[in-house]
Amino acid sequence: MIVKDLEFVKFITKTKVQAQVKALAEMINADYQSKAPVFLPILNGSFMFASDLMKQIDVPNKISFVKVSSYSGTASTGQLKTLVGLELSLFNQDVIIVEDIVDTGLTLQKIVNELKELGTRSVEVVALLRKPPAREKKMDVKYVGFDIENDFVLGYGLDYDGHGRNLTDIYRMKPTNSENPAL
Ligand code: IMP
């Protein structure tokens with residue numbers, strides 16, 4: 001499949017994605033039984049993941065979508081913006097950040113630090129995808145859907161220059177020098 005100027009191949013089917021989202025929700029439901037967490041999905045990338053995840057959360061909760069962006073094209077620009085759009089007081093709250101993907105972890109680290117300064121009781125992270133840099137740094141991501149390699153991925157909220165967010169399967173960029181990149 002060509003998106004803009006790059007070729008992508010199917011990587012994680014929507015069936016697998018949905019099964020993993022359900023498993024993550026079940027873990028969160030079990031861990032937060034006597035709590036009422038505040039979910040902070042990070043826009044734009046987590047909109048589809050957050051929507052599917054929240055449908056399966058059965059503990060009392062609040063949701064506030066926030067935004068921060070560090071990407072342009074397929075490589076991190078390293079320019080971090082601050083967290084915007086927070087409309088709830090998080091003082092003494094159990095917060096769960098909902099991320100589409102953790103790559104270098106810079107975005108996440110920045111958000112977690114900002115949230116701790118607001119006097120939160122606890123901050124955990126649920127990420128659908130995690131790439132090796134975050135794994136190697138031992139970033140504290142409590143709930144991870146899929147550990148993937150360093151491929152650029154697209155779909156299920158993730159974009160390539162604004163394209164492809166609405167795809168329900170997850171695709172990865174086709175390596176230019178590989179003959180059989182598809183799974
Ligand atoms: P980090 O700060 O390097 O961890 O970058 C995390 C953010 O970069 C994610 O929330 C995504 O918006 C974006 N991102 C990282 N990897 C990809 C990718 O493979 N496809 C699309 N967006 C990505």
Side-chain angles (χ1 to χ4, degrees), residues 1-14 16-17 20-21 24 39-54 63-86 95-116 123-178 181-183:
M1 181 184 62
I2 305 287
V3 176
K4 208 178 162 196
D5 52 349
L6 293 178
E7 190 170 356
F8 288 84
V9 292
K10 202 175 274 189
F11 179 39
I12 309 173
T13 62
K14 56 181 155 232
K16 283 190 181 160
V17 171
Q20 204 55 18
V21 171
L24 292 171
F39 288 85
L40 293 189
I42 312 297
L43 291 174
N44 294 321
S46 73
F47 82 97
M48 214 179 263
F49 173 41
S51 169
D52 287 342
L53 181 79
M54 295 316 299
I63 310 171
S64 179
F65 284 88
V66 291
K67 194 158 191 175
V68 61
S69 169
S70 69
Y71 259 62
S72 167
T74 61
S76 178
T77 59
Q79 290 167 0
L80 289 169
K81 294 172 190 166
T82 190
L83 199 61
V84 291
L86 194 56
V95 174
I96 303 178
I97 298 168
V98 183
E99 261 285 31
D100 50 357
I101 187 165
V102 189
D103 181 0
T104 63
L106 285 173
T107 309
L108 197 57
Q109 198 57 65
K110 168 98 176 133
I111 297 169
V112 169
N113 289 344
E114 279 195 41
L115 293 177
K116 284 186 175 161
V123 181
E124 297 293 357
V125 181
V126 55
L128 183 67
L129 302 165
R130 179 170 63 178
K131 287 190 184 178
R135 244 178 356 254
E136 285 150 18
K137 270 195 241 160
K138 301 204 174 22
M139 284 282 312
D140 203 4
V141 182
K142 186 161 186 186
Y143 309 98
V144 178
F146 300 92
D147 270 313
I148 64 169
E149 293 310 311
N150 268 323
D151 308 296
F152 186 78
V153 291
L154 173 84
Y156 200 67
L158 291 148
D159 74 308
Y160 166 47
D161 270 357
H163 298 268
R165 288 195 197 275
N166 66 321
L167 298 164
T168 48
D169 298 291
I170 296 175
Y171 293 75
R172 67 175 175 179
M173 195 168 86
K174 189 174 178 180
T176 44
N177 55 357
S178 167
L183 283 182

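Atoms within each ligand, like the ligands themselves, are counted from 1 in listed order.
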**Student:** Can you sort out which atoms of ligand 1 are near Val153, meaning under 4.0 Å from one of its heavy atoms?
**Tutor:**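 Ligand 1 atoms under the 4.0 Å threshold to Val153: 18 (C), 19 (O), 20 (N), 21 (C).
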**Student:** Which of the atoms in ligand 1, numbered in the order shown and given with their element, are less than 4.0 Å from a heavy-atom of Thr107?
**Tutor:**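 So the answer, numbered in order with elements, is 1 (P), 2 (O), 5 (O), 6 (C).
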**Student:** Going by the rule side-chain hydrogen bond (donor to acceptor under 3.5 Å, both in side chains), which residues pair with Tyr171 if we only count those two or more places apart in sequence or in a different chain?
**Tutor:**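 Partners of Tyr171 by the side-chain hydrogen bond (donor to acceptor under 3.5 Å, both in side chains) criterion come out as none, since no residue qualifies.
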**Student:** Taking atom CG of Asn113 as the centre, report whether more than 12 heavy atoms of other residues, nucleotides or ligands fall under 6.0 Å from it.
**Tutor:**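 For Asn113, atom CG is crowded (more than 12 foreign heavy atoms under 6.0 Å).
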**Student:** Quick one: which ligand 1 atoms are inside 4.0 Å of a heavy atom on Gly105?
**Tutor:**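 By the 4.0 Å cutoff, the relevant atoms are 1 (P), 3 (O), 4 (O).
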**Student:** Does ligand 1 come near enough to Phe152 that some N or O of the ligand is less than 3.5 Å from an N or O of the residue?
**Tutor:**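 Min N/O separation from ligand 1 is not below 3.5 Å for Phe152.
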**Student:** In terms of atom number and element, which parts of ligand 1 are under 4.0 angstrom from non-hydrogen atoms of Lys131?
**Tutor:**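 So the answer, numbered in order with elements, is 16 (N), 17 (C), 18 (C), 19 (O).
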**Student:** Taking N or O atoms only and a 3.5 Å limit, does Val102 qualify as a polar contact for ligand 1?
**Tutor:**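 N/O-N/O distance below 3.5 Å does not exist for this pair.
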**Student:** Below the 3.5 angstrom mark, is there an N/O of Asp159, backbone or side chain, next to an N/O of ligand 1?
**Tutor:**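 N/O-N/O distance below 3.5 Å does not exist for this pair.
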**Student:** Answer yes or no: does atom NZ of Lys16 have more than 12 heavy-atom neighbours from other residues, nucleotides or ligands under 6.0 Å?
**Tutor:**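 Open: at most 12 neighbouring heavy atoms sit under 6.0 Å from NZ of Lys16.
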**Student:** Please list, in number order, the atoms of ligand 1 under 4.0 Å from a heavy atom of Leu158.
**Tutor:**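 Once the distances to Leu158 are compared, the set is 21 (C), 22 (N).
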**Student:** Look up atom CZ in Phe11 and atom CD1 in Ile148, then write down how far apart they are to the nearest 0.5 Å.
**Tutor:**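 It comes to 5.0 Å.
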**Student:** Tell me, please, which residues at least two apart from Asp5 pass side-chain hydrogen bond (donor to acceptor under 3.5 Å, both in side chains).
**Tutor:**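 So Asp5 forms a side-chain hydrogen bond (donor to acceptor under 3.5 Å, both in side chains) with Tyr160.
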**Student:** Tell me whether Lys116 at atom NZ has more than 12 heavy atoms from other residues, nucleotides or ligands lying less than 6.0 Å away.
**Tutor:**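 No, because the 6.0 Å sphere around NZ of Lys116 holds 12 heavy atoms or fewer from other groups.
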**Student:** Check ligand 1 against Glu99 and write out every atom of the ligand that is under 4.0 Å from a heavy-atom position of the residue.
**Tutor:**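 Those of ligand 1 that fall under 4.0 Å from Glu99 are 10 (O).
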**Student:** Under 3.5 Å, is there a donor-acceptor pair linking the side chains of Tyr156 and Asp52?
**Tutor:**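 There is such a pair (donor and acceptor under 3.5 Å, judged by atom type) between the side chains of Tyr156 and Asp52.
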